[in-house]
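No experiment lies behind these values; they were computed from the predicted model shown. So that the names make sense, note that chain A is the first sequence line, chain B the second, and so on, each numbered from 1.
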There are 2 protein chains.
Amino acid sequence: MRDPERTRAAILDAAFTEIYENGFQATSIDDIVAKASMTKGAFFSHFHSKNELGYALVDEVLKDMTLDRWIRPVAAYKNPVQGIITRFRKIIETTPEEHIALGCPLNNLTQEMSAVDPVFRDKIQAVLLMWIEETEKYLKKAQAEGYLRKNVNTRQVAEFVVMVEEGSFAIVKNLRDKKVYWALYESLKQYLESISERPEATQDPLVRR
Amino acid sequence: MRDPERTRAAILDAAFTEIYENGFQATSIDDIVAKASMTKGAFFSHFHSKNELGYALVDEVLKDMTLDRWIRPVAAYKNPVQGIITRFRKIIETTPEEHIALGCPLNNLTQEMSAVDPVFRDKIQAVLLMWIEETEKYLKKAQAEGYLRKNVNTRQVAEFVVMVEEGSFAIVKNLRDKKVYWALYESLKQYLESISERPEATQDPLVRR
DNA sequence: CTATGAACATACCGAATGGTATATTAAACA
DNA sequence: TGTTTAATATACCATTCGGTATGTTCATAG
């Protein structure tokens with residue numbers, strides 16, 4: 001009946017939802033344990049402090065979430081540049097309406113806690129760097145296979161792509177208008193095609209919109 | 001000796017700095033009045049609540065700050081597209097090292113308060129929309145004067161440009177590496193040139209870096 | 001079977017914080 | 001000049017919240 005790992009996971013899960021919806025500072029430990037149907041005793045037997053819960057959220061939840069959403073699916077595409085473009089589109093398509101107003105969980109925590117707590121900053125920075133590095137790997141592969149111009153700086157493009165992916169969520173969160181996503185999608189596509197070796201190879205074979 | 005307007009301005013000024021450095025929720029009213037060398041009595045005679053101070057910050061400080069930094073200076077350029085590009089570069093150049101880690105004040109407030117308080121959300125949205133609309137005006141002008149391709153959707157590009165301007169500050173805030181700015185600058189430049197009628201007209205006459 | 005420690009529950013505390021009640025001072029106006 | 005009112009100061013309050021102290025229960029090792 002007692003299952004510490006499940007308890008810990010349940011706390012992380014409840015914390016993720018509450019913090020995603022209300023922000024880290026605006027979420028109290030009482031909110032979290034109530035959502036998880038537990039008590040403070042359980043909470044503090046798994047986390048030494050509220051901040052440590054936040055750190056665990058970044059390390060154990062947000063990191064994997066980022067990989068699952070933005071990185072791993074790209075591997076399925078022959079042309080990685082098309083993979084990045086299409087992945088962006090699919091994320092737009094599959095993001096439920098309620099989540100649009102909430103933005104990207106990683107970015108939210110980033111903007112709220114990065115300047116306030118150096119440990120948060122370092123841990124979030126590590127996730128961002130991983131995101132950029134993994135994106136750059138795809139770009140290098142695209143370059144090696146003749147999809148991307150040889151003279152482009154892959155690190156520079158990777159940084160731009162990740163910034164666009166995060167920045168898009170951030171601005172749409174505020175404008176609360178999903179149509180803006182499509183405008184940003186078109187611009188990202190336009191940009192990536194402008195540095196592609198054979199732009200026609202990035203054409204999406206599926207119907208759009 | 002008594003000067004309500006100056007008092008109010010001093011409170012807004014102190015609040016801006018404190019909130020910029022620590023976030024809205026992490027800043028207490030006591031922090032603000034201490035910084036402004038006043039007392040709570042003065043504070044509450046000018047603002048009914050902490051939230052109302054925040055609203056005034058958006059309406060009276062951040063809105064103008066955005067115009068001054070991103071919009072008005074662009075008017076001085078013959079080619080508005082070059083104006084946007086150069087303005088982005090100049091903002092990078094003139095942002096002091098300590099402010100890099102703090103990001104964009106508007107964006108910080110946005111990400112922290114937008115999902116939590118609908119009034120914040122609406123007020124910040126208004127500033128963002130103004131930013132986008134003013135940017136689009138420049139793009140339309142550029143189009144009319146033959147700098148920008150006639151077939152580009154100026155609204156779409158304006159949304160992308162503003163997203164890049166905000167998103168760049170956001171990611172550099174976390175990566176804490178000013179060099180990333182230059183990479184993002186090059187990418188924005190590349191993008192805007194790819195939709196320009198005469199790309200050579202966007203060449204910056206000054207030495208870069 | 002029992003003892004031991006980890007997992008969870010309950011009650012509580014001290015500090016911080018947004019806000020108020022009330023006093024005081026200074027400017028404006030009659 | 002005297003009065004009134006807005007501006008500012010001071011003291012205080014109620015609540016919230018992170019965290020702790022102290023149980024209690026369950027699983028597992030010996």
Side-chain angles (χ1 to χ4, degrees), chain A residues 1-58 60 108-109 112-113 115-120 123, chain B residues 1-58 60 108-109 112-113 115-120 123:
Chain A
M1 191 128 297
R2 211 166 241 190
D3 190 339
E5 283 189 27
R6 256 172 68 115
T7 301
R8 190 191 149 94
I11 293 173
L12 277 173
D13 189 61
F16 172 81
T17 304
E18 284 291 307
I19 290 171
Y20 184 36
E21 287 173 2
N22 304 309
F24 183 79
Q25 300 183 82
T27 298
S28 72
I29 296 178
D30 285 331
D31 291 339
I32 294 169
V33 297
K35 179 112 185 175
S37 305
M38 324 198 150
T39 61
K40 268 189 180 174
F43 181 94
F44 279 97
S45 93
H46 286 279
F47 304 97
H48 291 329
S49 69
K50 187 186 174 187
N51 274 8
E52 285 217 359
L53 162 80
Y55 306 154
L57 258 185
V58 180
E60 298 169 36
N108 292 356
L109 202 61
E112 186 183 355
M113 300 306 293
V116 150
D117 181 308
V119 182
F120 267 109
K123 288 188 175 298
Chain B
M1 191 131 293
R2 212 165 241 193
D3 189 339
E5 283 189 30
R6 257 172 69 115
T7 302
R8 190 190 149 94
I11 293 174
L12 278 173
D13 189 61
F16 172 81
T17 305
E18 285 291 306
I19 291 172
Y20 183 37
E21 287 173 2
N22 304 309
F24 183 80
Q25 300 182 84
T27 299
S28 73
I29 297 178
D30 285 332
D31 292 338
I32 294 169
V33 296
K35 178 112 186 176
S37 305
M38 329 202 144
T39 59
K40 269 189 180 174
F43 182 93
F44 279 97
S45 93
H46 287 279
F47 304 96
H48 291 328
S49 68
K50 188 186 175 188
N51 273 8
E52 284 216 1
L53 163 79
Y55 306 154
L57 257 185
V58 179
E60 299 169 36
N108 292 357
L109 202 60
E112 185 182 357
M113 300 305 293
V116 150
D117 181 308
V119 182
F120 268 110
K123 288 188 175 297

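Heavy atoms of S37(A) sit nowhere under 4.0 angstrom from any nucleic acid atom. Nucleic acid contact class of F44(B) (heavy atoms, under 4.0 Å, all strands): base. Contact annotation for S28(B): backbone-only contact, meaning every heavy-atom pair under 4.0 Å involves sugar-phosphate atoms and none involves a base.
Side-chain nitrogen and oxygen atoms of T7(B) include none within less than 4.0 Å of the OP1 or OP2 phosphate oxygen of dA7(D).
When distances are taken from the side chain of T39(B) to each of dA7(C), dT10(D), dT20(D), the shortest belongs to dT10(D). Among the nucleotides dT8(D), dA11(C), dG19(C), the one closest to the side chain of H46(B) is dT8(D).
In this structure, F43(A) and F47(A) have tilted ring planes: the angle between them lies in the 30° to 60° band.
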Atom pairs, N/O to N/O, protein against nucleotides 22-26 of chain D, distance under 3.5 Å?
{"residue": "dT25(D)", "atom": "O2", "partner": "R2(A)", "partner atom": "NH1", "Å": "3.0"}
{"residue": "dT25(D)", "atom": "O2", "partner": "R2(A)", "partner atom": "NH2", "Å": "3.2"}

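For G41(A) and D31(A), each mapped to the nucleotide of DNA chain D holding its nearest heavy atom, the one lying further toward the 5' end belongs to D31(A).
Note: CZ (R8(B)) to C1' (dT8(D)) measures 16 Å, nearest angstrom. The NZ atom of K40(A) sits 14 Å away from the P atom of dA9(C) (whole-angstrom rounding). One can place CZ of R6(B) at 16 Å from P of dA7(D), the figure rounded to the nearest angstrom.
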Contacts table for residues 7-15 of chain A: side-chain donor-acceptor under 3.5 angstrom, sequence neighbours left out:
{"residue": "T7(A)", "atom": "OG1", "partner": "D3(A)", "partner atom": "O", "Å": "3.1"}
{"residue": "R8(A)", "atom": "NH2", "partner": "E60(A)", "partner atom": "OE1", "Å": "2.9"}
{"residue": "R8(A)", "atom": "NH2", "partner": "E60(A)", "partner atom": "OE2", "Å": "2.5"}

